[in-house]
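Below is one structure, written out as structure tokens; the observations come after it.
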Amino acid sequence: MDLLPRSSSEFQSVDYWDKFFKKRGGAAFEWYGEYGDLCEILHKYSKSSNKVLMIGCGNSTLSEDLYDVGYHQLINIDISKVVIKNMTTRNTSTRPKMKFIEMDVQKVS
């Protein structure tokens, strides 16, 4: 499996994302950039006391970085059970208030 999908419709497939994160392993995948690149704008428009919902969190380190600077009301959702399990395992002891939930945001009513 290549990491890139054959068509854009694969982005909606749970199977695609499970395979993606299995193949990628522990290497973080950042859609928008590293925390260091984004922190100025994030801190301009949010406060550490805000509740933050990370939709399609994947295995990005952005939530971890935000938690480490005081954002403790973070909920991370993703359709991939593989990545949710990995991220939960990776963060349970060091970031106990951070939550990871397997969920398809398109099916939220």
Side-chain angles (χ1 to χ4, degrees):
M1 172 189 158
D2 276 331
L3 288 179
L4 295 175
R6 288 185 278 286
S7 71
S8 61
S9 65
E10 284 189 271
F11 282 123
Q12 297 177 1
S13 165
V14 173
D15 187 53
Y16 169 78
W17 288 111
D18 283 345
K19 288 178 182 175
F20 177 92
F21 288 112
K22 282 180 185 174
K23 184 171 184 175
R24 192 162 174 84
F29 182 76
E30 305 294 346
W31 282 98
Y32 302 110
E34 303 280 333
Y35 171 76
D37 300 325
L38 303 171
C39 67
E40 185 176 332
I41 196 157
L42 291 172
H43 295 294
K44 181 177 179 179
Y45 294 105
S46 67
K47 298 176 184 162
S48 61
S49 60
N50 292 149
K51 293 179 180 178
V52 178
L53 176 63
M54 295 293 228
I55 298 171
C57 63
N59 65 355
S60 169
T61 60
L62 183 57
S63 288
E64 296 165 334
D65 294 331
L66 286 170
Y67 190 96
D68 293 346
V69 297
Y71 287 75
H72 291 173
Q73 296 187 72
L74 289 159
I75 298 175
N76 299 274
I77 65 172
D78 202 286
I79 61 171
S80 170
K81 64 180 172 280
V82 170
V83 81
I84 291 299
K85 180 182 177 193
N86 291 345
M87 293 300 283
T88 300
T89 300
R90 187 164 99 185
N91 288 286
T92 297
S93 63
T94 55
R95 299 173 183 93
K97 295 180 184 176
M98 192 157 50
K99 297 178 185 168
F100 291 91
I101 302 168
E102 180 187 342
M103 179 185 298
D104 184 344
V105 72
Q106 295 183 81
K107 295 182 181 171
V108 174
S109 56

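The structure displayed is predicted, hence computed values, not measured ones. In what follows, residues are counted from 1 in the order of the sequence shown.
Using cut-offs of 30° and 60° for the angle between ring planes, the Trp31 and Phe29 rings count as perpendicular.
Of the inter-residue distances, the one linking Lys99 atom NZ with Met54 atom CE reads 15.5 Å to the nearest 0.5 angstrom. With values rounded to the nearest 0.5 angstrom, Leu74 atom CG is found 10.5 Å from Cys57 atom SG. With rounding to the nearest 0.5 Å, the separation of OH in Tyr45 from CD in Glu40 is 10.0 Å. The structure places CG of Asn50 at 11.0 Å from CG of Leu66, a figure rounded to the nearest 0.5 Å. Summarising the geometry, atom CD belonging to Glu10 is positioned 12.0 Å from atom CZ belonging to Phe20; distances are rounded to the nearest 0.5 Å. Note that NZ of Lys85 and CE of Met87 are 14.5 Å apart. Values are rounded to the nearest 0.5 Å.
Of the possible polar contacts, none joining the Gln73 side chain to the Val52 backbone as a donor-acceptor pair under 3.5 Å is found. Side-chain atoms of Asp78 come within 3.5 Å of backbone atoms of Gly58 as a donor-acceptor pair (strictly under, hydrogens ignored). The backbone N or O of Tyr67 lies less than 3.5 Å from a partner atom in the side chain of His72, making a donor-acceptor pair.
In terms of heavy-atom proximity, Thr61 sits nearest to Arg90 at CG2-NH2, 3.9 Å. Smallest separation of non-hydrogen atoms from Gly33 and Leu38: O-CD1, 3.6 Å.
Not counting sequence neighbours, Arg24 has no partner by the salt bridge (charged side-chain N to carboxylate O under 4.0 Å, His left out) test. Scored by the ring-ring contact (aromatic ring centres under 6.0 Å, His included) test, His43 finds Tyr35, Tyr71 as partners (sequence neighbours excluded). Not counting sequence neighbours, Asp65 has no partner by the salt bridge (charged side-chain N to carboxylate O under 4.0 Å, His left out) test. Scored by the side-chain contact (heavy atoms from CB on, under 4.5 Å) test, Ile77 finds Leu53, Ile55, Ile75, Ile101, Met103, Val105 as partners (sequence neighbours excluded). Annotation: salt bridge (charged side-chain N to carboxylate O under 4.0 Å, His left out) contacts of Lys22 (sequence neighbours excluded): none. Taking the salt bridge (charged side-chain N to carboxylate O under 4.0 Å, His left out) definition, one finds that Asp104 meets it with nothing, sequence neighbours left out.
Counting only heavy atoms from C-beta outward, the side chains of Leu62 and Leu42 approach each other to under 4.5 Å. The closest side-chain heavy-atom distance from Lys19 to Val82 is not below 4.5 Å.
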